2 protein chains.
Amino acid sequence: MKSHIAVTGATGFLGRHVIKCLLDAGIDTVATARTRSATAGGCRFVSMDIANPPLDAFERLGSPEVLIHLAWDGLPNYRSRHHFEQELPSQYHFLKSLIEAGLPKLVVAGTCFEYGLQSGALSEQMPTNPCTAYGFAKDALRRQLEYLTAEHSTQLVWTRLFYLWGEGQAPGSLYARLSVAAQRGEPLFKMSGGEQLRDYLPVTEAARHLVNLAVRPCAFSLINLCSGRPISVRRLVECWIDEHGWTIRPQLGCYPYPDYEPMAFWGDAARLDQTVSI
Amino acid sequence: MKSHIAVTGATGFLGRHVIKCLLDAGIDTVATARTRSATAGGCRFVSMDIANPPLDAFERLGSPEVLIHLAWDGLPNYRSRHHFEQELPSQYHFLKSLIEAGLPKLVVAGTCFEYGLQSGALSEQMPTNPCTAYGFAKDALRRQLEYLTAEHSTQLVWTRLFYLWGEGQAPGSLYARLSVAAQRGEPLFKMSGGEQLRDYLPVTEAARHLVNLAVRPCAFSLINLCSGRPISVRRLVECWIDEHGWTIRPQLGCYPYPDYEPMAFWGDAARLDQTVSI
């Protein structure tokens with residue numbers, strides 16, 4: 001396996017795990033982000049601002065065979081116009097320059113928020129109907145890249161990430177908040193009713209899937225990155241507590257359910273299951 | 001009725017009919033387009049390029065109470081990236097400047113192409129799934145304006161136009177081609193199989209509906225502008241021939257059906273029927 005792969009958003013939560021996975025697999029890797037962070041060590045690092053990329057961005061990234069594109073600014077505020085006013089045009093412009101420069105394959109991190117308020121098992125064939133500015137902007141970027149790559153030789157693999165959890169996650173995330181509260185010795189963990197069904201994947205598995213999709217032939221241009229198994233947020237929290245042997249207990253019903261998410265949705269993993277694991 | 005209304009795309013096919021309808025109703029009207037044309041006479045005209053608007057665009061348009069926004073470049077090439085690479089950002093930027101300047105009401109011409117390859121009676125509640133760059137860009141502009149107007153006091157009325165026909169239409173349109181061929185005395189009119197079901201509205205009726213939506217309170221922010229009645233293209237051509245007493249006959253099956261349109265689709269006119277006519 002001698003692929004040369006570049007990764008944007010390399011210093012983010014998922015990016016750090018993807019870089020580790022690439023290096024573990026002995027793949028020639030270039031990491032890029034606005035500023036180097038300590039965790040992106042062990043591979044070449046190129047500093048680049050996607051909103052103001054250099055004209056020779058493709059060459060600066062070492063003319064990669066594959067780009068794993070994870071960068072996206074402005075989260076976790078899903079409702080901000082930033083997502084389509086700044087992020088969508090910047091990202092399209094940046095990726096277009098790489099596609100026009102001859103990038104052979106592009107693997108992008110999309111989101112389950114592209115589906116919008118649809119319940120149950122969500123499959124890639126369903127029409128999207130995003131209800132947040134974030135989901136809309138990701139969905140729009142995907143459509144624009146589909147039109148663009150149809151006119152070029154770049155292979156596009158658009159992945160839809162469901163929920164991730166793991167070490168190094170942003171402090172506001174469920175797992176990070178629970179972890180901090182438990183280690184502080186707090187007796188109760190304030191949370192929502194916890195009945196909502198979600199699809200949670202360990203970040204290490206998501207990273208492995210992304211690397212797999214980058215280095216192997218992929219029959220799909222659109223694929224859910226998910227567990228395929230719904231789990232209630234209450235059960236999820238209980239599992240995390242059990243695994244770590246924490247003594248904290250969930251205090252249910254402290255927060256309302258978000259109005260921009262359905263009560264029960266998870267990914268249909270049939271396509272992902274058909275891809276060969278590394 | 002003392003509204004002050006501005007109209008973009010005022011020199012286009014639909015725009016000329018809208019201007020006439022506004023003037024007939026005694027409404028104070030400002031027409032705008034890149035360059036004045038003979039047919040936009042009888043009302044104030046402001047020359048403006050939406051892709052490069054002046055900073056005081058709202059004031060130049062006379063600080064209107066309503067904008068009827070019809071301008072859209074790059075048709076009839078539905079597949080060009082122009083629609084989302086140039087038209088979408090230009091139009092959003094232009095309309096955002098008017099909304100931020102205090103425009104009270106915005107009536108926009110969208111398209112049935114936002115629905116994509118969905119068959120049968122199409123209602124406004126259905127999720128969109130455009131399959132052309134044109135349909136995608138219009139759908140994206142609508143979503144962006146929905147997010148934007150939610151933060152401002154501007155009332156948005158997004159209309160989805162189905163097929164129009166009438167005098168002054170572009171030479172490539174079905175009605176214009178038939179009219180030219182008939183008046184030349186040609187015996188046969190080459191056309192598709194003609195079995196496809198569509199929704200055709202006389203342009204004069206569409207103009208009347210737009211003016212109605214502009215000057216009256218409207219309960220809907222999204223509304224089909226359509227007849228609500230499916231008609232085969234073959235029958236439509238036969239009707240036009242009968243009405244004019246032409247002797248030309250349809251020669252069916254000369255062209256394939258377009259692959260970006262369903263075989264049979266028309267608008268659900270329930271919402272339009274609920275609006276009060278002028």
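These numbers were taken from a predicted model, which means no experiment stands behind them. In what follows, every chain begins at residue 1, and chains take the letters A, B, ... in the order their sequences are listed. Hydrogens, waters and symmetry mates play no part in the numbers below; they use all other heavy atoms, side chains included.
- Interface check for chain A: of the options B:P89, B:A150, B:A140, the most heavy-atom pairs under 4.5 Å are formed by B:A140.
- Scanning residues 90-99 of chain A against chain B with a 4.5 Å non-hydrogen threshold yields A:Y92, A:K96, sorted by number.
- Annotation: the span from A:R81 atom CZ to B:Q144 atom CD amounts to 10.5 Å, rounded to 0.5 Å.
- Using a 4.5 Å cut-off between heavy atoms, A:L88 touches chain B through its side chain atoms alone.
- The distance from atom CG of A:N129 to atom OG1 of B:T128, rounded to the nearest 0.5 Å, is 6.0 Å.
- Judged by distance alone, the side chain of A:R143 and the main-chain N or O of B:P130 form a donor-acceptor pair under 3.5 Å.
- Remark: A:R177 CZ is packed, more than 12 non-hydrogen atoms of other residues, nucleotides or ligands lying under 6.0 Å away.
- Neither the backbone nor the side chain of B:E146 comes within less than 4.5 Å of any heavy atom of chain A.
- Panel note: side chain A:Y147, backbone B:T132; a donor-acceptor pair is recorded below 3.5 Å.
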